[in-house]
2 protein chains.
Amino acid sequence: MAGNTPDFPDRLRAAGLRPTRQRVALARVLFEGGHRHVTAESLHAEVKATRMPVSLATVYNSLNQFRDAGLLREVVVAPGRSYFDTNTGHHHHFFVENDGELHDFPSEKVTIAGLPTPPKGTRLSRVDVIVRVRR
Amino acid sequence: MAGNTPDFPDRLRAAGLRPTRQRVALARVLFEGGHRHVTAESLHAEVKATRMPVSLATVYNSLNQFRDAGLLREVVVAPGRSYFDTNTGHHHHFFVENDGELHDFPSEKVTIAGLPTPPKGTRLSRVDVIVRVRR
DNA sequence: CAAGAAGATTAGAACTATTCTAATCCTTGC
DNA sequence: GCAAGGATTAGAATAGTTCTAATCTTCTTG
Ligand SMILES: [Mn+2]
Ligand SMILES: [Mn+2]
Ligand SMILES: [Zn+2]
Ligand SMILES: [Zn+2]
């Protein structure tokens, strides 16, 4: 297991981002442990609980930068707020409409057949499957 | 073709909504002609062009009421704005990320196999497939 | 058809999520 | 250590949407 410890400053540098204290604190919350789905507000609350002062503006800046660097992906499932997903691989989502929870499911077992070809002059970017459920 | 003329006051009454002048004007723009994908702002611009004065608040109210009555469905594909879809049947969407355009495609030919069962205590509500494309 | 009651519309204020501004602060390469 | 450029921040600004409460319309009933 040597070399498996995540070095957040290095990971940020590798992504072309300076490892500032705020970005390292955010990366820690986001990337140590399993995959996460966070909103700007929920991440802000979590990182503040670690006693590292980070402004909400920096949370937004960092989420957008992490996404642009490919460390996160943005998921839009409900009007009014964006989720950011630490799982950047191919997968799809359950969305529990009552409480706004997002859960991954692997795209391996899912087969989508018969998708029409993209409109003239466009290239496929991504296929999102959102399974909406209610309690 | 007799009896095929859409009577918007009657359609609104059948949906449990009073056929006010504003709602009839909005229904006309939305439902005469083929299926549409509109935003509140785009619909407001269109209905104002018919010289019927309708406030933006009424456009929002009506869109939400039409959706609650099952005349429209709401589609969330991009952060910050909702689309309303006059096609309430089963179908999926192309989303052209550059210009924000939505296009339908029928769900008939699309087969989705191997979806996992919903999380414990939840019931399936809807499955959305969004094919994101870029120019 | 005349009221009157219930419901709808509206302007503008309020609200929420997000971005911007521009002043201060940190990180980095020398 | 010292710039210099990048990052952070508070607070203002913006965009989409909802709310408030006053006015207006539609519908029911006599
Ligand atoms: Mn963004
Ligand atoms: Mn709504
Ligand atoms: Zn995910
Ligand atoms: Zn559609």
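Computed from a predicted model, the values in this text were never measured in an experiment. The chains referred to below are lettered A, B, ... by the order of the sequence lines, with proteins before strands, and numbering in each begins at 1.
Using modelled atom types and a 3.5 Å distance limit, the side chains of A:Gln22 and A:Thr58 yield no donor-acceptor pair.
Of the candidate nucleotides C:dC26, C:dT18, C:dT19, C:dT19 has the atom lying nearest to any side-chain atom of A:Asn64. In this structure, the nucleotide among C:dT10, C:dT18, D:dT9 sitting nearest to the side chain of A:Ser82 is C:dT18. Set against C:dT10, C:dA6, C:dT28, the side chain of B:Arg18 has C:dA6 as its closest nucleotide. You'll find that the side chain of B:Ala57 is closest to C:dG12, out of C:dG12, C:dT27, D:dT17. Each of C:dT10, D:dT17, C:dT9 was ranked by its minimum atom distance to the side chain of B:Thr20; first place goes to C:dT9. In the set D:dT8, C:dT19, C:dT10, D:dT8 carries the atom at the smallest distance from any side-chain atom of A:Arg23. Comparing C:dA11, D:dT17, D:dT8 by their nearest atom to the side chain of B:Tyr60 picks out D:dT17.
If you take CG of A:Leu56 and P of D:dA13, they are 18 Å apart, rounded to a whole angstrom.
In this pair, B:Tyr83 and B:Phe95 present their aromatic rings perpendicular. The plane angle is above 60°, beyond the 30 to 60° band.
When each of A:His37, A:Glu101, A:His103 is checked for a side-chain hydrogen bond (donor to acceptor under 3.5 Å, both in side chains) with A:His93, only A:His37 meets the rule.
Checked for salt-bridge contact, A:Arg135 and A:Asp99 meet the test: a charged N lies under 4.0 Å from a carboxylate O.
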